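Notes follow the structure.
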Amino acid sequence: MIIEVSVEKRMESKARHFRLDAAFSSREQCVVLFGPSGSGKTLTLQSIAGLVSPDAGKIAFNGRVLFDTQSGVDIPSRHRKIGYVFQDYALFPHRTVLENVGFGLKNDWPWRLSRDDRRQVMEFLEAFEISQLAQSYPSDISGGQKQRVALARALIRKPDLLLLDEPFSALDTLLRVKLREELAKIQSAFDIPMVMVTHDPEDIRVFAETLVIYEIGRVRECLHFLKSDGTDLEEVLAS
């Protein structure tokens, strides 16, 4: 993939003033945004997805301009062909697993799944090994199962890019290890580029081909390396 991001955004409230001025680019398949909480990583991710409109800047993916203040381009999020997995998974509590995964397939109202849609959703549930949960509700399933549902929902529309906001932060240590392996397999199977937000160095070891290191409100450094190239991660993060 080729992704170019240069965004500026000011956020103000009575309690806080925050200014984001971040820029990076990558040609690798997996970009990891790393840094402390509150440094602007999620705000950058939301800008790429179209959930937030920056005050200024440009975002382009594989030659397609998604946002550009100079030319007045701001493609709505629903037309960007981007899948998004939220930190808390953002599943609809009143809908079953089957309905959650299938929700993105329809734009009409009242919303309902056709027979073909249901078949497609069940194929995805089987691929993610959660078909037995089809009629379960989010409150009745585990954290790891919720993550699989969220991933299936994000990927069923066949997006061009997958965004993940701290996808393992809500899981215990042993489950994180297992689901990192599963996510790596899913990325390979779907051959989909990813941008991941994290503050966990282990996510960098497993996924990063481009590492974007954030300080408060800005990018400190953008490093390009392969996951298996033997880079001393501790030395990089301590520098």
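Because the structure is predicted, anything quoted here is derived from the model rather than measured. Side chains are part of it too, since the values below use all heavy atoms of this structure and drop only hydrogens, waters and symmetry mates.
L151 is not listed as a side-chain neighbour of R148, based on a closest heavy-atom distance of 4.5 Å or more. Side-chain contact between T69 and E8: absent, with no pair of heavy atoms (C-beta onward) separated by less than 4.5 Å. Put simply, the side chain of L133 does not reach to within 4.5 Å of the side chain of V149, judged on heavy atoms. In this structure the side chain of V7 never reaches within 4.5 angstrom of the side chain of V52, judged on heavy atoms. In this structure, L155 and I192 have side chains that are in contact, with non-hydrogen atoms separated by less than 4.5 Å. Two residues are said to be in side-chain contact when any heavy atoms from C-beta on lie closer than 4.5 Å; Q147 and E182 fail this criterion. The shortest side-chain heavy-atom distance between F168 and R180 falls under the 4.5 Å cut-off. Residues E4 and K58 form no side-chain contact, since every pair of their non-hydrogen atoms from C-beta on lies 4.5 Å or further apart.
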Please determine whether side-chain contact (heavy atoms from CB on, under 4.5 Å) holds for the pair Y137 and L91, giving the CA-CA distance in whole Å, both sets of side-chain angles, and the decisive distance to 0.1 Å.
CA-CA 9 Å; Y137 289 88; L91 302 179; over 6 Å; no
Go through the steps to decide whether L164 and L183 satisfy the test side-chain contact (heavy atoms from CB on, under 4.5 Å), and finish with yes or no.
CA-CA 11 Å; L164 304 108; L183 179 58; 4.1 Å; yes
Test salt bridge (Lys or Arg N to Asp or Glu O under 4.0 Å) on R10 and D21; report intermediate values, then the result.
CA-CA 9 Å; R10 183 180 294 274; D21 186 355; over 6 Å; no
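The nearest pair of heavy atoms linking N100 to R95 is ND2-O, 3.0 Å.
A cation-pi arrangement is not found for R153 relative to F103, the charged atom failing to lie both closer than 6.0 Å to the ring centre and inside a 45° cone about the ring normal.
Between E202 and R205 a salt bridge is recorded (basic side-chain N to carboxylate O distance below 4.0 Å). The pair D160-R64 fails the salt-bridge criterion, with no side-chain N (NZ, NE, NH1 or NH2) lying under 4.0 Å from an Asp/Glu carboxylate O. Salt-bridge formation is detected for the pair R218/E215: a Lys NZ or Arg NE/NH1/NH2 atom is positioned less than 4.0 Å from an Asp or Glu carboxylate oxygen.
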Just distance, no hydrogens or angles: give the donor-acceptor pairs under 3.5 Å from side chains in residues 33-50, sequence neighbours left out.
{"unit_1": "S39", "atom_1": "OG", "unit_2": "P36", "atom_2": "O", "d": "2.7"}
{"unit_1": "K41", "atom_1": "NZ", "unit_2": "G35", "atom_2": "O", "d": "3.0"}
{"unit_1": "K41", "atom_1": "NZ", "unit_2": "P36", "atom_2": "O", "d": "2.9"}
{"unit_1": "T42", "atom_1": "OG1", "unit_2": "D165", "atom_2": "OD1", "d": "3.1"}
{"unit_1": "T42", "atom_1": "OG1", "unit_2": "D165", "atom_2": "OD2", "d": "3.1"}
{"unit_1": "T44", "atom_1": "OG1", "unit_2": "G40", "atom_2": "O", "d": "2.8"}
{"unit_1": "T44", "atom_1": "OG1", "unit_2": "Y214", "atom_2": "OH", "d": "2.8"}
{"unit_1": "S47", "atom_1": "OG", "unit_2": "L43", "atom_2": "O", "d": "2.9"}

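Legend: residues meeting salt bridge (charged side-chain N to carboxylate O under 4.0 Å, His left out) with K9, ordered by chain and number and at least two apart, are D55. Here R119 pairs with D116 under the salt bridge (charged side-chain N to carboxylate O under 4.0 Å, His left out) rule; sequence neighbours left out.
Counting non-hydrogen atoms of neighbouring residues, nucleotides and ligands closer than 6.0 angstrom, the CD atom of Q70 reaches no more than 12 such neighbours.
Put simply, the side chain of R19 never gets that close to the backbone of G217: no donor and acceptor are under 3.5 Å apart. Checked by atom type and distance alone, the side chain of N62 pairs as donor or acceptor with a backbone atom of I2 at under 3.5 Å.
A tilted orientation is assigned to the rings of Y84 and F86, their planes being inclined by 30° to 60°.
Under a hydrophobic clustering in which Ile, Leu, Val, Met, Phe, Trp and Tyr are joined whenever their side-chain heavy atoms come within less than 4.5 Å, directly or via other members, V197 and L179 fall into different clusters.
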